[in-house]
K.L.:
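Before I ask anything, let me first share the structure, which is written out below as structure tokens.
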Protein chains: 2
Amino acid sequence: MKHTHAEENYLKAIYMLSEKQESLVSTTAMADFLHTSAASITDMIQKLHNKGLVIYRKYQGVTLTDRGKESAIKILRKYLLWEVFLVDKLKFGWSEIHEIAEQLEHIDCDTLIDRLDHFLGNPYCSPHGIVIPNADGKIIDKPRWLLTDLSEGASGIVSAIKDDSVAFLQYLGKRNIYLGAKITVIEKIQFDGSTDITIDNQYKINISRKITDNILITL
Amino acid sequence: MKHTHAEENYLKAIYMLSEKQESLVSTTAMADFLHTSAASITDMIQKLHNKGLVIYRKYQGVTLTDRGKESAIKILRKYLLWEVFLVDKLKFGWSEIHEIAEQLEHIDCDTLIDRLDHFLGNPYCSPHGIVIPNADGKIIDKPRWLLTDLSEGASGIVSAIKDDSVAFLQYLGKRNIYLGAKITVIEKIQFDGSTDITIDNQYKINISRKITDNILITL
DNA sequence: AAATTTATTTAGACAAATCTAAATAAATTT
DNA sequence: AAATTTATTTAGATTTGTCTAAATAAATTT
């Protein structure tokens, strides 16, 4: 099923808002999220209802049908993969990528996004730590830990970073720490809380507690 | 100056059509190019005229103003760089990239395209051999030769390929020949017209006349 | 429970981009 | 040069997505 840009924005918005809360998504919540008027929301929601993409009850709110959810997840997948591309390959900072990825998510080509996924090394989650649905639309929730909480000898993959500041990003870049890098904990130094690690079994460095507190690891 | 998607498509179309011929671009030529009706073309052209992007004379045809040309070249630059991305990084074949790049060319972000350019290694031209305008909109025309016409000892950069067939692309991939690769002619064999070359001063191989006839080289 | 405030929907309008059918201009043929 | 064909434009309609202002429903306050 194909959708217009606007439809895609609405579907993704409903999906994201309904992830945060149990109840139906309200008109105002959507108006707020999409920076548009409540009247426009009602209009569009009714169209989506007629197309069988959402279930809508007047004055109550809206929720996705299975078909709607499937589409929403596809769009989210595209959005998140483009975010990874922008940060990982084009070295954009966290703050700049949202707008661009919101444009890129509408590019319509089935093979494109799977190739992009492969090109990026099948990342587990976006720079902001949101899990990327796989090609089948499944969201597999791996457990994640702070690098701080890994024990000596353990290793895992850098899957997200909690701090978005340019300074932190530059630090990570300089130390060859990137999304998808394999980190092994060599030794945890009690004295100052710092940690000796290796990156990709290559570089051995020591990083402070402040750094390990901001790196999320999956296995 | 910002444009709608449709406006961008028209500007690029006018630019490309007027590159091929001297005279004004006709309504039918554009209708043909954009797969739309002549009536729609007239409508849009009049709007572009009112915005000062084209000069239009009823029944005569249309040409770009300086402002229109500037915009058109920016769009073309984006289109071509995305084409390089798709072929070089995502390993798409020639035939598949046009549609996708036509979508990607409308992504609006100044820094994005310059970073992409850098990421791709500032390619000189698209896979189809069309010169990519630089960030200032300048089109610098370097001389190009067929690999066949290089003399022994000469070297240059693979800048385009004339044959788009999958078979040829696969051949090149297998031989480590890619856009931007450095090729040095070691020896030209009179007997069968084949050529001994090195790629990136590394691999030494022999390629037939049919191959050298389809590779364009810049210095 | 009535009054008021807030949320939501409806009605009507608008801009963008397209279309078809009819009208008109330009080019070509006879 | 008149007739015909082709190219182009105009007129009017349609779809999509948005808006504002007015109407109505739901929630909250008094």
Side-chain angles (χ1 to χ4, degrees), chain A residues 1-14 17-18 20-63 68 71-72 75 102-103 105-108, chain B residues 1-14 17-18 20-64 68 71-72 75 102-103 105-106 108:
Chain A
M1 180 101 195
K2 267 217 181 180
H3 307 291
T4 64
H5 283 203
E7 277 176 359
E8 293 193 342
N9 289 336
Y10 277 83
L11 292 173
K12 195 181 99 189
I14 298 167
L17 290 171
S18 52
K20 290 192 183 170
Q21 24 141 84
E22 273 305 292
S23 51
L24 300 180
V25 177
S26 74
T27 304
T28 21
M30 292 204 55
D32 217 66
F33 190 85
L34 293 171
H35 305 108
T36 181
S37 76
S40 306
I41 302 290
T42 305
D43 268 13
M44 184 56 124
I45 291 297
Q46 286 173 340
K47 286 179 197 164
L48 293 175
H49 181 91
N50 293 334
K51 292 189 179 182
L53 294 164
V54 305
I55 294 164
Y56 166 64
R57 290 227 197 75
K58 269 191 191 175
Y59 299 105
Q60 307 295 289
V62 75
T63 183
S71 291
I75 301 153
E102 286 229 307
Q103 294 183 62
E105 75 187 357
H106 300 298
I107 304 297
D108 175 42
Chain B
M1 180 99 196
K2 267 217 178 180
H3 307 292
T4 64
H5 283 201
E7 277 177 0
E8 293 193 344
N9 289 336
Y10 277 83
L11 291 173
K12 196 180 99 188
I14 298 167
L17 291 170
S18 53
K20 291 192 180 169
Q21 25 141 85
E22 272 305 293
S23 51
L24 299 182
V25 176
S26 74
T27 304
T28 21
M30 291 205 55
D32 218 65
F33 190 85
L34 293 171
H35 306 106
T36 183
S37 75
S40 306
I41 302 290
T42 305
D43 268 14
M44 184 55 125
I45 291 297
Q46 287 174 338
K47 285 178 198 164
L48 294 175
H49 181 93
N50 293 335
K51 292 189 180 182
L53 294 165
V54 305
I55 294 162
Y56 165 63
R57 290 228 197 75
K58 270 190 191 176
Y59 298 104
Q60 307 296 290
V62 73
T63 183
L64 292 168
S71 290
I75 300 153
E102 286 227 309
Q103 294 183 59
E105 76 188 356
H106 299 298
D108 175 42

K.L.:
State the pairing partner of C:dT9; accept Watson-Crick or G-U wobble contacts with both distances under 3.5 Å, and report none otherwise.
P.N.:
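Result: D:dA22.
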K.L.:
Is the phosphate of D:dA7, meaning OP1 or OP2, less than 4.0 Å from a side-chain N or O of B:Gln60?
P.N.:
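For D:dA7, OP1/OP2 do not have a side-chain N/O of B:Gln60 under 4.0 Å.
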K.L.:
Using whole Å, what does the distance between atom P of nucleotide C:dT8 and atom CD1 of A:Ile41 come to?
P.N.:
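Taking CD1 of A:Ile41 and P of C:dT8, I get 10 Å after rounding.
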K.L.:
Can you tell me how far P of C:dT18 sits from NE2 of B:His35, to the nearest Å?
P.N.:
14 Å
K.L.:
Going by atom types alone, do A:Glu8 and A:His3 pair a side-chain donor with an acceptor below 3.5 Å?
P.N.:
no
K.L.:
How far does CD of A:Glu105 sit from CG of A:Asn9, to the nearest 0.5 angstrom?
P.N.:
6.0 Å
K.L.:
With both distances under 3.5 angstrom, what nucleotide forms a Watson-Crick or G-U wobble pair with C:dA17?
P.N.:
D:dT14
K.L.:
Between B:Tyr10 and C:dA16, is there a contact of a side-chain N or O with OP1 or OP2 at under 4.0 Å?
P.N.:
no
K.L.:
Atom CG of B:Asp32 to atom P of D:dA7: distance rounded to whole Å?
P.N.:
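Atom-to-atom, B:Asp32 to D:dA7, this comes out as 10 Å.
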K.L.:
B:His5 vs A:His5 aromatic rings, parallel, tilted or perpendicular, using cut-offs 30° and 60°?
P.N.:
perpendicular
K.L.:
Write down the distance between CE (A:Met44) and C1' (D:dT15), rounded to a whole number of angstrom.
P.N.:
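After rounding, the gap between these two atoms is 12 Å.
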K.L.:
Is any side-chain nitrogen or oxygen of B:Thr36 closer than 4.0 Å to OP1 or OP2 of C:dA17?
P.N.:
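It does not, given that no N or O in the side chain of B:Thr36 lies less than 4.0 Å from OP1 or OP2 of C:dA17.
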K.L.:
Roughly, in whole Å, what's the span from NE2 in A:His3 to P in D:dG17?
P.N.:
12 Å
K.L.:
Quick check on DNA chain D: between A:Lys58 and A:Thr4, whose nearest nucleotide comes earlier from the 5' end?
P.N.:
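Of the two residues, A:Thr4 wins.
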K.L.:
Hey, does A:Ser37 reach any base, or is it just sugar-phosphate, or nothing, if we go heavy atoms under 4.0 Å?
P.N.:
base
K.L.:
Return the nearest nucleotide to the side chain of B:Asp43; candidates are D:dT9, D:dT18, C:dT18.
P.N.:
C:dT18
K.L.:
Applying the Watson-Crick and G-U wobble criteria at under 3.5 Å, what pairs with D:dA27? Answer none if nothing qualifies.
P.N.:
C:dT4
K.L.:
How many whole angstroms separate atom CD1 of B:Ile45 from atom P of D:dA7?
P.N.:
17 Å
K.L.:
Using whole Å, report how far CD of A:Gln46 lies from C1' of D:dT16.
P.N.:
15 Å
K.L.:
What is the distance from atom CD of A:Gln60 to atom OG1 of A:Thr27, rounded to the nearest 0.5 Å?
P.N.:
10.5 Å
K.L.:
Ignoring backbone atoms, establish whether A:Thr28 has a side-chain N or O less than 4.0 Å from OP1 or OP2 of C:dT8.
P.N.:
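Yes, within the criterion.
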K.L.:
Start with the C-alpha distance between B:Val54 and B:Leu64, add both sets of side-chain angles, then the distance that settles side-chain contact (heavy atoms from CB on, under 4.5 Å), and finish with yes or no.
P.N.:
CA-CA 4 Å; B:Val54 305; B:Leu64 292 168; 4.0 Å; yes
K.L.:
Using a cut-off of 4.0 Å on non-hydrogen atoms, how would the nucleic acid contact of A:Ala39 be classed: base, sugar-phosphate, or nothing?
P.N.:
base
K.L.:
Answer yes or no: does a side-chain N or O of B:Tyr59 lie under 4.0 Å from OP1 or OP2 of C:dA23?
P.N.:
no
K.L.:
What contact category does A:Ser40 fall into here, base, sugar-phosphate, or nothing, at under 4.0 angstrom with non-hydrogen atoms?
P.N.:
base
K.L.:
For the OH atom of B:Tyr56 and the CG atom of B:Leu24, what is their distance to the nearest 0.5 Å?
P.N.:
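Rounded to the nearest 0.5 Å, the OH-CG separation comes out at 11.5 Å.
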K.L.:
Over how many whole Å does the gap from A:Met30 atom CE to C:dT9 atom C1' extend?
P.N.:
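Roughly 15 Å, once rounded to whole Å.
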